[in-house]
Amino acid sequence: MTDIQQEAFESPAQSNKRWWTLPVISLATLMIVLDATIVNIALPSAQQDLGMSDANRHWVITAYALAFGGLLLVGGRVCGVLGHRRSFAIGLLGFAVASTVGGLAENVGTLVGARAAQGLFAALLAPAALSLLTLTFTDAVERGKAFGVFAAVGAGGAALGVVAGGLLTEYADWRWCLYINIPMCLIALAGVPLILRDEPSGSLRTIDVPGVLLSTTGLVAMVYAFTQAEPRGWDDPLVLLLLFGGIVLLALFVGVQTKSKNALMPLHIVLHKVRGAAFVSVWVMFVSIYGFYLFMSYYSQTILGYSPVKTGMSLLVNAVSTIIGSMLIAANLHNRVAPRVLIVFSLLSAAAGLLILTQLEADSSHVFMAYLVPAQILTGIGLGCLLAVATNLAMVDVGWHEAGIASAAYNAVQQVGAALGTALFNSIQTSVTSSYLDDHGNGKAAVKSGIVHGYSVALWVAFGVLAVGALAVGSISRGRRTAPSPQPETAVPSVEVGS
């Protein structure tokens, strides 16, 4: 370890600062997660104001997702080269500038470009944030508490984004969905000096360029394929080309990594058994939970007639439940219950929430209290508890110089899962509803029943994904990962999945 790193993690004066790191990093994480959903509700207003066509409006959402998801692995490596704290500050400053440009946009091109720039800086900011948190809290008890708070912010941020988007759009202006990032960035930047220092490792000249090109184009192709699957259909030539191309490029990326001396993502990062279990469980959860968010948004507005604001406010139940799951349940059971048990419980809790929603019918009564509230509680607890546990496991046995790429891989799993879940849920719902209407006509009652039936089938699929994921994680054999960390003095210690 370098002298600066030694000072950062052993000096009593520096050690006393570590808890100030948590709110600073959590605020930045909240901003990143908010921006994945906050613009969704504001999109109709932005479309009308800027004269966007229906065919092009999705780029406001897609540009952020593509840049963020596609550049995460590169961002993870860069933040290690530049230094995690320095990268964190650069990411915050860039995100603030991009948000300002987007808020001031007078045409579609500027807004889409600003959203892409937000995604680019988020791809640097997200791995830097998790790396700093991981390397700051090395004590098992403190780490459990810190990850509980971090997970609560990350899990609840998506729901809060819908709430904030509705409130800002209705009572202010859609541009404030972008401007809101400016004070958040400035507050976080003011807290950067409180974050423990780290030293850059490596050089940008040693970055694996073939790996960068293959991973970026592969991830972008996959994410874009998922975003286009719903409007075009899974059998559309473009979607199939993107999916096949993305798979081939990522396969080539893996091949390059096995031979590269400066691999962008060393394969032991993803082949580690404990970390692999975390990645699988998070991917499964995000595939399913983003279908749940779509259901809540569409069902509340199209079937129940809720306004965007009321729809967003109704999701506060879910946001509060994620906090309970991460900060109360997972944090208190950390180091008392086997991680595998907590993961399986989390997935089954979310599955139970979706199972309740599959029982909805077009004429169901007391929908909010009988169905939506218990479903939100169970899915929220499951999501919050899982992320608190999985965030910890994802950084197991990670040394200082690999923390950025491990956290980037963890974030990439979330992004790919969310993109797939959104596309899959939408595709199933629309195709099932269309088939239902073909059989039952297009009367008002039939349309309502068809929509609800489509949601029900899609939710059954999401439930199945969670159930299979719980079974897969639950079957992981008990055993300890024996491979030592490259720098054990700064790495998260080894843990057992099963006990």
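Just so you know, these numbers use all the heavy atoms, side chains as well, and skip hydrogens, waters and symmetry mates.
- Scanning all heavy atoms of the two residues, the minimum distance from Leu250 to Ser215 falls at CD2-O, 4.2 Å.
- To the nearest 0.5 Å, the span separating CG on Leu120 from CG on Leu125 amounts to 11.5 Å.
- Ring geometry for Tyr64 against Phe68 counts as tilted: the plane angle lies between 30° and 60°, on a 0 to 90° scale.
- Close placement of the Tyr290 and Tyr293 rings is indicated, their centers lying within 6.0 Å of each other.
- When side chains are defined from C-beta on, Val461 does not count as touching Phe425, because their heavy atoms never get closer than 4.5 Å.
- Ser281 contributes a side-chain N or O that, together with a main-chain N or O of Ala277, makes up a donor-acceptor pair within less than 3.5 Å.
- Side-chain atoms of Ser326 come within 3.5 Å of backbone atoms of Gly148 as a donor-acceptor pair (strictly under, hydrogens ignored).
- In this structure, Tyr436 and His440 have parallel ring planes: the angle between them is below the 30° cut-off, well short of the 60° mark.
- Taking 4.5 Å as the limit, every side-chain heavy atom of Phe147 sits out of range of all side-chain heavy atoms of Leu387.
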Show, in sequence, the C-alpha distance, side-chain angles and deciding distance for Trp283 and Leu420, and conclude whether the side-chain contact (heavy atoms from CB on, under 4.5 Å) test is met.
CA-CA 10 Å; Trp283 183 82; Leu420 174 59; 3.4 Å; yes
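- Proximity of a side-chain donor or acceptor of Gln376 to a complementary backbone N or O of Asn318 within less than 3.5 Å is detected.
- Between the side chain of Ser456 and the backbone N or O of Val452, no donor-acceptor pair lies under 3.5 Å.
- Checking side-chain atoms of Arg77 against main-chain N and O of Val212 turns up no donor-acceptor pair under 3.5 Å.
- Closest approach of Leu72 and Pro127 over heavy atoms only: CD2-CD, 4.0 Å.
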If you apply the rule side-chain contact (heavy atoms from CB on, under 4.5 Å), what do you find for Leu267 with Thr258, and how did you get there?
CA-CA 7 Å; Leu267 293 185; Thr258 61; 3.2 Å; yes
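- Applying the ring pair (Phe, Tyr, Trp, His ring centres under 6.0 Å) test to residues at least two apart or on different chains, none of the pairs has a partner in residues 347-377.
- Within the 4.5 Å cutoff, side-chain heavy atoms of Val447 are placed close to those of Leu437.
- Panel note: side chain Thr433, backbone Thr430; no donor-acceptor pair is recorded below 3.5 Å.
- We find the CG-CE distance between Leu242 and Met222 to be 10.0 Å, quoted to the nearest 0.5 Å.
- Considering CD1 of Ile451 and OG1 of Thr302, their distance stands at 5.0 Å, rounded to 0.5 Å.
- Remark: the backbone N or O of Ala403 is paired with a side-chain donor or acceptor of Ser131 at under 3.5 angstrom.
- The aromatic rings of Tyr299 and Tyr455 sit perpendicular to each other, their planes meeting at more than 60°, with 30° as the lower class boundary.
- Under the side-chain contact (heavy atoms from CB on, under 4.5 Å) test applied with Phe150, the options Asn392, Thr391, Leu30 reduce to a single match, Thr391.
- Without hydrogens or angle criteria, Thr136 side chain to Leu133 main chain gives no donor-acceptor distance under 3.5 Å.
- Residues Ala151 and Gly384 approach most closely at CB-O, 4.1 Å, considering heavy atoms.
- Taking CE from Met285 and CZ from Phe292, the interatomic distance works out to 11.0 Å, rounded to the nearest 0.5 Å.
- The existence of a salt bridge linking Asp35 and Arg115 is confirmed by a sub-4.0 Å separation between a basic side-chain nitrogen and an acidic carboxylate oxygen.
- In terms of heavy-atom proximity, Val473 sits nearest to Arg340 at O-CD, 3.4 Å.
- Crowding of Glu361 atom CD: a count of heavy atoms from other residues, nucleotides or ligands under 6.0 Å not exceeding 12.
- A distance of 4.5 Å separates OG1 in Thr379 from CD1 in Ile289, rounded to the nearest 0.5 Å.
- A parallel orientation is assigned to the rings of Trp59 and Tyr224, their planes being inclined by less than 30° (bins at 30° and 60°).
- Counting heavy atoms from C-beta outward, Val468 and Phe463 have side chains that stay 4.5 Å or more apart.
- Annotation: side chain of Leu333 is not in contact with side chain of Val341 (no heavy-atom distance under 4.5 Å).
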Given side-chain contact (heavy atoms from CB on, under 4.5 Å), test Leu73 with Phe253 step by step and report yes or no.
CA-CA 12 Å; Leu73 294 182; Phe253 169 69; 4.2 Å; yes
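- Side chain of Ser431 to backbone of Ser427: a donor-acceptor contact under 3.5 angstrom is found.
- Counting heavy atoms from C-beta outward, Ser314 and Met296 have side chains that approach closer than 4.5 Å.
- The two residues Asp208 and Pro210 come nearest to each other via the heavy atoms OD1-CD, 3.2 Å.
- Taking OG of Ser346 as the reference point, atom CG of Leu466 lies at 10.5 Å (rounded to 0.5 Å).
- Inter-residue side-chain proximity for Phe226 and Thr422 is flagged as unmet; no heavy-atom pair is nearer than 4.5 Å.
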side-chain contact (heavy atoms from CB on, under 4.5 Å) between Met31 and Leu34: does it pass, once the steps are laid out?
CA-CA 5 Å; Met31 181 183 66; Leu34 280 175; 5.5 Å; no
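- Side-chain N or O atoms of Ser407 include one that pairs as donor or acceptor with a backbone N or O of Gly404 at under 3.5 Å.
- At least one side-chain heavy atom of Leu357 sits less than 4.5 Å from a side-chain heavy atom of Leu372.
- Across all their heavy atoms, Ile356 and Ala375 have their closest contact at CD1-N, 4.3 Å.
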